[in-house]
Novice: 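Have a look at this one.
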Amino acid sequence: MEKTRKILPLVAQMIAQLDALFVEFVGPIGFELASVVLKKWLDEGKTGPSALRRYAQALGEQLDNPNERKEFLVKAERLLLQLQSGLGS
């Protein structure tokens, strides 16, 4: 029997935001690349808010240009910090 993974709505929202950011860097193909990265991330089994950094890093690994990768990760970190501050308020 296959295990069904449930993603918290907040996590799903952040994934969508990270994916949109990723698409800004790679164009429309980013949606397809992000779905592959998401499947691998889900297969790892850690899908809570604390695992979102790993998802962002996995997306960043898809960027060949080191400067773009760094810029993506900085922007992704900002998104994640916004999430964290939103949870604390």
Side-chain angles (χ1 to χ4, degrees):
M1 181 189 301
E2 189 175 328
K3 196 165 63 168
T4 303
R5 290 176 182 80
K6 294 187 179 192
I7 299 177
L8 296 170
L10 183 62
V11 173
Q13 179 184 1
M14 283 305 300
I15 288 171
Q17 289 180 21
L18 289 168
D19 289 353
L21 176 63
F22 182 67
V23 168
E24 288 179 25
F25 282 81
V26 297
I29 190 73
F31 291 113
E32 200 172 314
L33 292 171
S35 71
V36 171
V37 171
L38 178 61
K39 183 183 180 326
K40 288 180 183 176
W41 184 74
L42 291 172
D43 288 346
E44 290 176 4
K46 296 179 182 174
T47 59
S50 62
L52 284 167
R53 243 176 216 90
R54 175 64 197 120
Y55 180 67
Q57 290 170 347
L59 286 174
E61 290 168 5
Q62 304 304 306
L63 299 170
D64 292 331
N65 181 312
N67 292 329
E68 286 184 352
R69 184 179 315 120
K70 182 178 179 180
E71 183 181 351
F72 170 79
L73 291 172
V74 166
K75 290 182 176 186
E77 183 66 23
R78 281 188 202 131
L79 281 174
L80 295 173
L81 289 173
Q82 288 173 357
L83 167 69
Q84 191 175 32
S85 66
L87 289 175
S89 55

Novice: Say you draw a straight line from CD1 of Ile15 to OH of Tyr55; how long is it, rounded to the nearest 0.5 Å?
Specialist: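 Reported value, rounded in 0.5 Å steps: 6.0 Å.
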Novice: At what distance, to the nearest 0.5 angstrom, does OG1 of Thr47 lie from CG of Leu8?
Specialist: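 Between Thr47 OG1 and Leu8 CG, I get 7.0 Å after rounding to 0.5 Å.
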Novice: When you compare the side chain of Glu61 with that of Arg69, does any pair of heavy atoms fall below 4.5 Å?
Specialist: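 Of all side-chain heavy-atom pairs linking Glu61 with Arg69, none is under 4.5 Å.
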Novice: Find the distance between CD (Gln57) and CD (Gln62) and round it off to the nearest 0.5 Å.
Specialist: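 Answer for the CD-CD pair, Gln57 versus Gln62, is 13.0 Å.
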Novice: Measure across Leu18 and Ala76 and return the closest heavy-atom pair with its distance rounded to 0.1 Å.
Specialist: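 Where Leu18 meets Ala76 most closely, the heavy atoms are CD2-CB, 3.7 Å.
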Novice: Can you name the side chain to side chain donor-acceptor pair (under 3.5 Å) partners of Lys40, sequence neighbours left out?
Specialist: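 By the side chain to side chain donor-acceptor pair (under 3.5 Å) rule, Lys40 matches no residue at all.
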Novice: Between Arg78 and Val74, does the side chain to side chain contact (heavy atoms under 4.5 Å, CB included) criterion hold? Intermediate values first, please.
Specialist: CA-CA 6 Å; Arg78 281 188 202 131; Val74 166; 3.6 Å; yes
Novice: Determine, for Glu77 against Lys70, whether the closest basic-nitrogen to carboxylate-oxygen distance falls under 4.0 angstrom.
Specialist: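 A salt bridge is absent here (no side-chain N lies under 4.0 Å from a carboxylate O).
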Novice: Which other residues belong to the hydrophobic cluster containing Phe31, where Ile, Leu, Val, Met, Phe, Trp and Tyr are joined when side-chain heavy atoms lie under 4.5 Å apart, directly or via other members?
Specialist: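 Phe31 clusters with Val23.
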Novice: Begin from the C-alpha positions of Lys75 and Phe25 and carry the test side chain to side chain contact (heavy atoms under 4.5 Å, CB included) through to its verdict.
Specialist: CA-CA 11 Å; Lys75 290 182 176 186; Phe25 282 81; 4.3 Å; yes
Novice: Following the transitive rule for hydrophobic clusters with a side-chain heavy-atom cut-off under 4.5 Å over Ile, Leu, Val, Met, Phe, Trp and Tyr, establish whether Leu10 and Leu21 coincide in one cluster.
Specialist: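 Shared cluster, yes.
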Novice: Between the main-chain N or O of Ala51 and the side-chain N or O of Trp41, is there a donor-acceptor pair closer than 3.5 Å?
Specialist: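 Such a contact is found between Trp41 side chain and Ala51 backbone.
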Novice: Does the pair Val37 and Phe22 meet the rule for a side chain to side chain contact (heavy atoms under 4.5 Å, CB included), with working shown?
Specialist: CA-CA 11 Å; Val37 171; Phe22 182 67; over 6 Å; no
Novice: Looking at side-chain heavy atoms only, is the closest gap between Leu59 and Leu73 below 4.5 Å?
Specialist: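 Counting from C-beta outward, Leu59 and Leu73 never come under 4.5 Å.
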Novice: Where do Asp19 and Ala34 come nearest, in terms of heavy atoms and distance?
Specialist: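 Smallest heavy-atom distance, with atoms named: OD1-CB, 3.5 Å.
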Novice: Is the number of heavy atoms from other residues, nucleotides or ligands under 6.0 Å of Glu68 CD greater than 12?
Specialist: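 Yes, CD of Glu68 has more than 12 neighbouring heavy atoms, counting only those of other groups under 6.0 Å.
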